[in-house]
Amino acid sequence: MIQTAIPTNIITGFLGVGKTSLIKALFLVKPKEEKWAVLVNEFGDVGIDSALLAKEQQDIHIREVAGGCMCCAAGVPMQVAITQLIAKAKPDRLIIEPTGLGHPAAILKVLTEPHFKHVIAMQACITLVDARKVADTCYRSNETFLQQLTVADIILASKSDEYRHDEFVNLMLFLQEKQLKQSQCLRVSSKVPEESDIETAQLLVLMDNVCHYVTEQRSPSTSQVKPIASKLTLGSQSSSLLSRAIPHYQFPVFDEIDDAKNIVFDHRGIWSKSHFAEAHYSYAWVFVPRYEFDLSLLLKFINSIEAVRVKAILITDEGIVGINWIEGELELSEFDEVMDSRIEIITRKESVVAELELQLFTLLK
């Protein structure tokens, strides 16, 4: 029986902004005596993000809700997933990673419903933003992007080592223009710790702050938000954000993978599904493990298509490889074992599924 409400944080941000990398960094500074639960919401129809999160670590339970924003349909998928995850994991902290195309305000509404009142204690929401995108009108006018900024208690300008001009200043000006809390905006880098304004251990402390969005919804006239300093450090004992690489993973034991029971392979040993939502198309495939991909050809294929995001965990001629591709930026990781091969392509352009599938077949050994 739950005695106290579980501290709960939402980590949100647009597709490919670094949410999964941030959560992996937080795993490194998790207090050893605590058990954590992570609920991952995938836009696509197959679970990949949870495996990309995977690292052999005790006391971390992962569950997925795939196939679009989990707050839809009156939040039922989300309520069921949270209830089951909490019952099984009995966590000391719950982290929720919505899909980059999801609606964080709607998720917060579900989490603050009366039946969660004594179960969940909403704490700081973190929004990651690639400041280079702020100049793009597609982002500046995107309702989901603006909502992610509105609910944020902490805004992290991710990939700051890639900024070359006034990207961060422009982000601050944009937040000021939208009357958001630009004083809470901090730079972070997964590759160059010196480009980060905050260390992971300090971020974990800040995550215990109150969720201002929930407070303002309940009492708009009295809520106040405490500014965060522009530079925060904890000394030499702290771990800089993602300063320790995690190049090799154990495949995780998922808590009731939602997509597993829905995958039925055809006579070729392939399952596929596609859907359209939030102006994006998702195309997903799962292959039985007898298929082996040519990694070199696969990477050429990924770079040749008009995609917003490509995620995959595939059995290849060079081992089991996790692929995370976003607008030309590629991250590869190695896995020990998998139950199947799976790939998801997210694009703004409608494609012919049969043609994409045929191209995938040409990549097989």
Side-chain angles (χ1 to χ4, degrees), residues 4-13 17-40 49 52-62 89 91-97 120-131 151-163 168 181-212 225-249 252 331 333:
T4 57
I6 300 166
T8 300
N9 302 96
I10 291 177
I11 297 180
T12 187
V17 78
K19 300 185 293 295
T20 300
S21 296
L22 176 62
I23 294 173
K24 287 195 294 188
L26 290 169
F27 286 172
L28 296 177
V29 296
K30 179 187 76 69
K32 292 183 179 180
E33 70 278 5
E34 288 189 3
K35 291 189 295 184
W36 285 11
V38 182
L39 182 63
V40 180
D49 277 348
L52 295 175
L53 267 175
K55 175 179 178 289
E56 188 176 14
Q57 174 127 13
Q58 294 181 345
D59 298 324
I60 295 176
H61 301 262
I62 301 170
D92 297 294
R93 182 181 297 274
L94 172 62
I95 294 176
I96 297 176
E97 180 193 345
I120 285 176
M122 276 309 307
Q123 296 186 333
C125 292
I126 300 174
T127 295
L128 284 84
V129 181
D130 185 340
V151 304
D153 297 288
I154 304 167
I155 297 173
L156 300 180
S158 64
K159 306 180 182 181
S160 59
D161 57 291
E162 299 289 337
Y163 303 166
F168 185 69
K181 293 166 291 305
Q182 65 268 21
S183 59
Q184 290 186 285
C185 188
L186 304 164
R187 299 173 305 146
V188 294
S189 168
S190 61
K191 299 177 182 178
V192 185
E194 294 77 12
E195 295 291 335
S196 295
D197 293 331
I198 188 169
E199 297 181 342
T200 319
Q202 180 64 37
L203 179 62
L204 184 59
V205 173
L206 295 178
M207 286 168 63
D208 287 332
N209 289 346
V210 67
C211 174
H212 86 274
V225 181
K226 184 178 179 180
I228 298 175
S230 61
K231 187 76 177 179
L232 297 167
T233 57
L234 284 181
S236 60
Q237 298 301 314
S238 301
S239 299
S240 295
L241 192 65
L242 294 182
S243 60
R244 292 163 57 187
I246 312 174
H248 193 81
Y249 309 110
E331 178 185 351
S333 52

If you compare all heavy atoms of [X] against all heavy atoms of [Y], which two are closest, and at what distance to 0.1 Å?
X    : Y    : value
I11  : K19  : O-CD, 3.6 Å
P7   : Q123 : CB-OE1, 3.3 Å
E195 : S160 : O-OG, 2.8 Å
A89  : K35  : O-NZ, 3.4 Å
V151 : C125 : O-CB, 3.5 Å

Rounded to the nearest 0.5 Å, what separation is found between the [atom1] atom of [X] and the [atom2] atom of [Y]?
X    : Y    : atom1 : atom2 : value
D59  : E33  : CG    : CD    : 9.5 Å
D130 : L156 : CG    : CG    : 12.5 Å
I10  : L39  : CD1   : CG    : 10.0 Å
I120 : T8   : CD1   : OG1   : 4.5 Å
E34  : I60  : CD    : CD1   : 10.5 Å

Quiz prompt | Partner residues of D161 under the side-chain hydrogen bond (donor to acceptor under 3.5 Å, both in side chains) criterion, sequence neighbours left out | solution = S189
Quiz item: For the side chain of N9 and the backbone of I95, is there at least one donor-acceptor N/O pair under 3.5 Å apart?
Solution: no
Self-check item: Steps toward side chain to side chain contact (heavy atoms under 4.5 Å, CB included) verdict (L204, K30)
Solution: CA-CA 8 Å; L204 184 59; K30 179 187 76 69; 5.8 Å; no
Exercise. Please list, chain by chain and in numerical order, all residues satisfying side chain to side chain contact (heavy atoms under 4.5 Å, CB included) with A131, sequence neighbours excluded.
Key: Y163, E167, L171
Quiz prompt | Validation row: I154, N209 side chains within 4.5 angstrom (heavy atoms) | solution = no
Quiz item: What residue among T200, V17, V188, L128 forms side chain to side chain contact (heavy atoms under 4.5 Å, CB included) with L22?
Solution: L128
Quiz item: Of all residues at least two apart in sequence or in a different chain, which pass the salt bridge (charged side-chain N to carboxylate O under 4.0 Å, His left out) check with D208?
Solution: R93
Quiz item: side chain to side chain contact (heavy atoms under 4.5 Å, CB included) between L203 and L186: does it pass, once the steps are laid out?
Solution: CA-CA 10 Å; L203 179 62; L186 304 164; over 6 Å; no
Quiz item: Taking it one step at a time, do I23 and W36 satisfy side chain to side chain contact (heavy atoms under 4.5 Å, CB included)?
Solution: CA-CA 11 Å; I23 294 173; W36 285 11; over 6 Å; no
